[in-house]
Amino acid sequence: MRKQNALGTISLVGLIGFLLIIFAFPGHGTSQTPAPASESCVSANCHVTMGKEKVVHNPVKEGMCTTCHLAADDPLKKTRHPGNLVISLVQPVADLCTMCHEPKNKKKVVHAPIQGGDCTSCHNPHQSPNKGMLKDVMPNICFQCHPDSMVKHAVMHPPVAGGDCSGCHDNHQSDFPKRLVNEGNALCFQCHPDKEEGLKTRKVAHYPVKQSCTQCHNPHGSSAKAMLTAPVPELCSTCHPNEVMLRQRAATKHGPMADQKSCRICHDPHFSDQPRLLVTSQMALCLACHDKELETGKGKVMNMKAFLEANKNTHGPLKGDDCVSCHNPHGSDYWRILVKYYPPDFYASYSEGKYALCFSCHDKAAFTERRTKTATGFRDGEQNLHFVHVNKVNKGRTCKACHEVHADSGQNAHVKQFVGFSGWAMPMNFTQGKDGGTCAPGCHGEKRYNR
Ligand code: HEC
Ligand code: HEC
Ligand code: HEC
Ligand code: HEC
Ligand code: HEC
Ligand code: HEC
Ligand code: HEC
Ligand code: HEC
Ligand code: HEC
Ligand code: HEC
Ligand code: HEC
Ligand code: HEC
Ligand code: HEC
């Protein structure tokens, strides 16, 4: 890949001599008129183009050819340079340049051509039409030795597309890997101060963002949006395989996971003021979509926002902006993307596992002790009415037969006012007193319990 100019001092002598002749005599060295050594090297006949280009090296401008070139008499007349001169460089190139410039090989990472002292692989020592006396414009000069594939991505980082390699790489040397002008994220912060600010001031920062931007972004470009190393959600799956797998694997899938933006709908990839990098509070997040009736393909999902606006007496978890203790927003194997099993039907034979969802917060003793004085308030004397209704082999009533799980309009114990039963909104007629209560649902006549 290296096309560097590997002229040694010895061959330089010959080559320069030869070239000087060509320059001096457009007739390809056939003219016999020698130029006196005392004359300037640049004249109407000799080195006529020297100093004419857009950028001229200061010593050339000053006509100081002999600070770099040694012109010695050639008594043997072996060279054909006018004036019987042998032209050589006063020093090897690297040392030549450091006569006037700071050495460029003092830092930890030195660019390979400079390690070889090869300043002239990029710079013309005299003049050039290009900025910095480069032999070609930026970034083409770099592509003499590096593949230009790095500027051919579908999505390019603007400074790279603009050829501003020097915005990030020192051309000569640096103390940082890959000769970057700054280390790690500090490089990115130079031009993206909002990200530095965000990591400092926002409550939650995504761990890999603190570590290194380049874990997710290719600094030059990539085929994905925002130069991501892979598109979302594949990007996230390298570190969060479980969440991403649920898109396909879950028995109950959640709509937004299949959306093109997927994870980005709910999470900020960098930082946030919300737990779990959420873009907004959970309630606001969920209700932003659940503000209308939605279709799952197997049926309808009610307008939860309207429901919660009409029913202000929310169930404990909802008071704390918490939907995810019951629902997995990524998808689940249970009905209604619930995190644990919960019966979808009005009737179910009892087992502990069927109420795993409710029992993650409520004591199962309220349903397993046939007689109790303490486990539940839903009892007649010591007869546990939860047990009576729920704990049956056949046709046990599920919690939903009596309770609202999200909110109600102020009922005690979140008992429903109406229960959906085969399309009929069956009234509960539940009233609760100090020592018990009464209910008169469609299932049976009015019944009273006393504790
Ligand atoms: C800063 C040092 C420096 C100065 C000053 C300098 N040269 Fe050179 N010159 C070089 C180097 C180094 C080379 C060899 C180029 C290479 O290796 O690619 C060279 C090569 C040449 C060559 C042959 C190849 C070419 O580039 O044309 C000519 C002719 C030449 N110089 C003429 C001059 C003249 C005339 C002057 C004064 C006007 C001058 N140089 C001043 C460093 C210098
Ligand atoms: C005799 C002193 C001298 C020598 C030898 C010398 N330079 Fe320079 N060079 C200067 C001066 C003076 C400037 C203008 C001030 C500056 O930019 O430092 C300059 C400027 C430059 C620039 C900036 C040009 C621009 O306009 O952006 C480059 C690149 C450069 N030199 C490369 C070299 C290389 C490569 C060599 C060795 C082949 C070399 N110099 C040898 C004195 C020298
Ligand atoms: C790989 C290519 C490359 C090599 C090799 C290289 N340079 Fe440069 N150099 C550059 C580029 C690119 C710039 C910036 C040009 C611009 O945009 O102004 C630059 C700028 C400079 C400048 C002016 C700005 C500054 O940094 O002071 C000097 C002087 C210079 N180089 C000297 C040298 C010397 C001396 C060597 C050999 C030790 C050398 N360069 C080798 C690419 C190179
Ligand atoms: C004359 C050939 C040559 C030119 C021109 C050249 N490079 Fe390099 N560069 C190399 C070589 C050789 C390496 C070391 C090989 C490697 O590690 O892949 C290298 C390595 C690098 C590295 C890796 C860090 C390091 O120093 O090891 C970066 C970054 C780089 N070059 C950037 C640039 C940029 C930017 C330009 C244009 C201003 C440029 N190169 C021009 C030859 C060149
Ligand atoms: C926005 C900053 C930025 C710009 C602009 C930039 N680079 Fe880089 N470049 C980087 C970073 C960061 C790395 C190190 C990547 C890594 O370690 O994974 C790198 C690595 C490289 C490497 C080494 C590649 C390797 O696989 O080791 C080369 C060569 C390189 N860049 C050349 C260039 C060239 C040429 C340009 C201009 C066309 C350029 N860069 C512009 C940030 C930049
Ligand atoms: C020299 C300045 C500069 C540096 C250094 C820099 N960037 Fe940028 N970056 C820009 C500019 C300019 C844009 C386009 C405007 C914007 O989106 O802010 C941009 C845009 C981006 C974008 C959005 C691209 C898109 O398609 O939407 C990402 C992602 C990015 N940069 C990441 C990085 C990372 C990661 C680093 C550190 C490796 C970095 N940048 C370093 C200048 C820079
Ligand atoms: C965990 C992966 C990840 C890390 C680490 C990461 N980003 Fe991003 N970044 C993304 C994703 C995903 C996008 C959004 C792309 C989209 O719009 O869909 C993005 C977008 C961006 C954008 C453009 C949109 C915006 O938010 O401004 C910039 C700029 C950016 N990132 C800079 C950075 C910087 C700087 C760092 C390091 C401090 C960094 N990123 C670290 C994943 C990451
Ligand atoms: C519909 C909104 C939504 C979508 C889409 C979404 N998430 Fe989440 N995600 C959440 C919520 C809400 C939480 C908080 C769960 C909690 O606190 O237990 C969360 C939590 C997480 C967590 C932390 C889990 C833990 O146990 O700590 C990770 C990791 C995660 N999501 C990754 C992803 C990935 C990757 C994607 C895309 C494949 C994605 N999320 C898509 C809403 C979403
Ligand atoms: C390079 C690995 C990596 C990538 C890629 C990655 N993450 Fe993370 N993510 C982590 C690590 C590490 C944590 C911290 C885990 C912990 O604290 O237990 C984390 C935590 C999270 C959290 C929980 C934050 C909290 O407050 O607990 C969410 C949500 C998350 N990531 C979402 C995403 C999303 C969305 C993507 C894709 C845009 C993504 N991650 C890409 C490594 C990654
Ligand atoms: C970006 C819009 C969007 C967001 C945000 C959103 N959902 Fe959904 N949700 C939907 C859509 C569309 C459906 C219906 C399609 C499907 O998933 O089958 C749905 C379905 C559901 C279902 C019924 C699933 C079924 O198949 O029975 C539940 C439960 C649910 N979402 C809860 C939540 C919760 C909890 C949150 C907040 C953590 C939330 N949603 C955030 C769009 C969203
Ligand atoms: C205590 C557990 C729990 C909490 C917390 C919870 N849900 Fe539910 N959710 C359920 C259960 C159980 C169902 C099944 C339907 C039923 O029994 O009414 C359900 C059903 C749903 C449905 C489908 C309703 C339908 O039948 O059409 C949506 C939408 C929904 N929940 C959204 C949310 C949102 C949004 C939050 C947070 C504001 C939330 N849930 C909090 C347990 C919960
Ligand atoms: C037949 C209707 C009915 C069914 C079915 C039912 N409950 Fe209840 N539940 C009640 C009534 C009535 C109360 C109020 C008792 C009181 O305090 O007077 C109650 C009270 C509660 C309480 C408050 C504490 C207590 O035990 O007094 C919790 C928690 C509770 N139920 C959870 C559940 C769960 C979980 C299920 C499903 C496993 C369920 N219930 C099934 C009617 C029912
Ligand atoms: C994440 C924990 C959590 C889960 C899971 C949970 N609950 Fe609750 N529940 C609470 C809290 C906290 C309260 C007390 C605040 C209130 O009255 O809403 C409560 C109260 C209740 C009450 C009223 C108790 C009273 O004394 O008035 C009923 C009934 C109830 N839950 C039923 C259920 C049912 C049915 C399920 C399963 C679908 C369930 N809960 C799942 C936390 C939870």
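Start at 1 and go down the list; that is how both ligands and their atoms are numbered. Side chains included, hydrogens not; waters and symmetry mates left out as well; all remaining heavy atoms used. Nothing here was measured: the structure is a model prediction, and the numbers come from that model.
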Centroid-to-centroid, Phe359 to Phe367, below 6.0 Å? yes
Which protein heavy atom lies closest to atom 16 (C) of ligand 12, and at what distance to 0.1 Å? Gln432 NE2, 2.8 Å
Heavy-atom distances under 4.0 Å are what count here, so tell me which part of Cys399 touches ligand 12: side chain, backbone, both or neither. both
Any idea which atoms of ligand 1 are less than 4.0 Å away from a heavy-atom of Met64? 5 (C)
Tell me which one of Tyr355, Phe430, Tyr350, Phe367 gets a heavy atom nearest to atom 35 (C) of ligand 12. Phe367
No-hydrogen, no-angle side-chain donor-acceptor test under 3.5 Å, Asp435 and Asn450: no
Mark up the atoms of ligand 1 that fall under 4.0 Å of a heavy atom belonging to Val42, in ascending order. 38 (C)
Indicate yes or no: does an N/O atom of His220 lie under 3.5 Å from an N/O atom of ligand 5? yes
May I ask you to decide if the ring planes of Phe346 and Phe421 are parallel, tilted or perpendicular, using 30° and 60° as cut-offs? perpendicular
Just need the protein heavy atom nearest to atom 11 (C) of ligand 5, so name the residue and atom and give the distance. Pro219 CG, 3.5 Å
Regarding Asn429 and Glu446, is there a side-chain donor-to-acceptor distance under 3.5 Å anywhere? no
How about Cys168 and Leu187: do any of their side-chain heavy atoms sit closer than 4.5 Å? yes
Starting from atom 26 (O) of ligand 12, which protein heavy atom do you reach first, and at what distance in Å? Thr376 OG1, 2.7 Å
For atom 1 (C) of ligand 5, what's the nearest protein heavy atom and its distance? Cys168 SG, 2.6 Å
Of the protein's non-hydrogen atoms, which lies at the shortest distance from atom 33 (C) of ligand 5, and what is that distance? Met150 SD, 3.4 Å
Purely on distance, is any nitrogen or oxygen of Gly377 under 3.5 Å from one on ligand 12? yes
Within the stated cut-off of 2.8 Å, is an N/O/S atom of His69 closer than that to atom 8 (Fe) of ligand 1? yes
Between Asn313 and Asp408, is the side chain to side chain donor-acceptor pair (under 3.5 Å) condition met? List the steps. CA-CA 5 Å; Asn313 183 32; Asp408 56 75; 2.9 Å; yes
Is any N, O or S atom of His126 under 2.8 Å away from atom 8 (Fe) of ligand 1? yes
Which atoms from ligand 1 have a heavy atom of His47 less than 4.0 Å away? 29 (C), 35 (C)
So do the side chains of Val324 and Pro329 get within less than 4.5 Å of each other, counting heavy atoms only? yes
Shortest protein heavy-atom distance from atom 29 (C) of ligand 12, along with the residue and atom involved: His362 ND1, 3.3 Å
Would you tell me whether Thr438 and Thr431 have side-chain atoms, one donor and one acceptor, within less than 3.5 Å of each other? yes
Do Thr376 and His386 pair up side chain to side chain, a donor and an acceptor below 3.5 Å, judged on atom types alone? yes
Nitrogen or oxygen of Thr398 less than 3.5 angstrom from that of ligand 12: no
Atom of His403 nearest atom 8 (Fe) of ligand 12 (restricted to N/O/S, atom name only): NE2
Any side-chain donor near an acceptor of the partner, Ser349 and Lys354, under 3.5 Å: yes
Where do Asn105 and Gln115 land on the side chain to side chain donor-acceptor pair (under 3.5 Å) test, with the steps shown first? CA-CA 7 Å; Asn105 58 354; Gln115 282 164 11; over 6 Å; no
Please check if the distance between the ring centroids of Tyr350 and Phe387 is under 6.0 Å. no
Atoms in ligand 5 flagged as close to Pro139, the criterion being non-hydrogen separation under 4.0 Å: 38 (C)
What are the atoms of ligand 1, with element, lying closer than 4.0 Å to any heavy atom of His57? 1 (C)
Only heavy atoms of Cys358, strictly under 4.0 Å: list the atoms of ligand 12 that pass. 35 (C)
is_close_aromatic(His172, His111), centroid dist under 6.0 Å: no
Protein contact of atom 36 (C) of ligand 5 - nearest heavy atom, named by residue and atom, plus distance: Cys165 SG, 2.9 Å
Give a yes or no on whether atom 18 (O) of ligand 5 lies under 4.0 Å from any heavy atom of the protein. no
Quick one: are Lys106 and Pro103 in side-chain contact, heavy atoms under 4.5 Å? yes
Atoms in ligand 5 flagged as close to His146, the criterion being non-hydrogen separation under 4.0 Å: 29 (C)
Do Leu89 and Val93 touch side chain to side chain, with heavy atoms closer than 4.5 Å? yes
Under a 4.0 angstrom heavy-atom cut-off, which atoms of ligand 5 come close to Asp164? 5 (C)
Closest to atom 15 (C) of ligand 1 among Cys97, Ser88, Pro125, Cys100 (heavy-atom distance): Pro125
Please indicate, with yes or no, if any protein heavy atom is found under 4.0 Å from atom 24 (C) of ligand 5? no
Contact region, Val390 to ligand 12, non-hydrogen atoms below 4.0 Å, reads side chain
Would a search of protein heavy atoms around atom 31 (N) of ligand 5 find one under 4.0 Å away? yes
Is a donor from one side chain sitting under 3.5 angstrom from an acceptor on the other, for Thr372 and Glu382? no
Would you say Tyr449 has any N or O atom under 3.5 Å from an N or O of ligand 12, going by distance alone? yes
Would you say ligand 12 has an N or O under 3.5 Å from any N or O of His389? no
Can you find a heavy atom in the side chain of Val339 that is under 4.5 Å from one in the side chain of His327? no
With a 4.5 Å cut-off on side-chain heavy atoms, are Cys122 and Met133 touching? no
For atom 6 (C) of ligand 12, state which one of His386, Arg397, Lys400 supplies the nearest heavy atom. His386
N/O/S from His169 sitting under 2.8 Å away from atom 8 (Fe) of ligand 5: yes
Check whether the ring centres of Tyr334 and Tyr342 lie less than 6.0 Å apart, and answer yes or no. no
Measure up the His389 and His444 rings against each other and bin them: parallel (under 30°), tilted (30 to 60°), perpendicular (over 60°). tilted
With nothing but distance in play, are any N or O atoms of Lys178 less than 3.5 Å from an N or O of ligand 5? yes
Minimum-distance protein heavy atom relative to atom 4 (C) of ligand 12: Cys402 SG, 3.3 Å
If you count the atoms of ligand 1 from 1 in the order shown, which ones are under 4.0 Å from a heavy atom of Leu96? 12 (C)
Below 4.0 Å from any atom of ligand 12, is there a heavy atom belonging to Arg379? no
With the side chain counted from C-beta on, respond yes when Val109 and His169 share a heavy-atom pair under 4.5 Å apart, and no when they do not. no
How far is atom 42 (C) of ligand 12 from the closest protein heavy atom, and which atom is that? Phe378 CE2, 3.3 Å
List every atom of ligand 5 that sits less than 4.0 Å from any heavy atom of His157, numbering the atoms from 1 in the order shown and giving each element. 1 (C)
Is there a side-chain contact between Leu199 and Arg202 (heavy atoms, below 4.5 Å)? no
For atom 14 (C) of ligand 12, the protein heavy atom that lies nearest, with its residue and separation: Ala413 CB, 3.7 Å
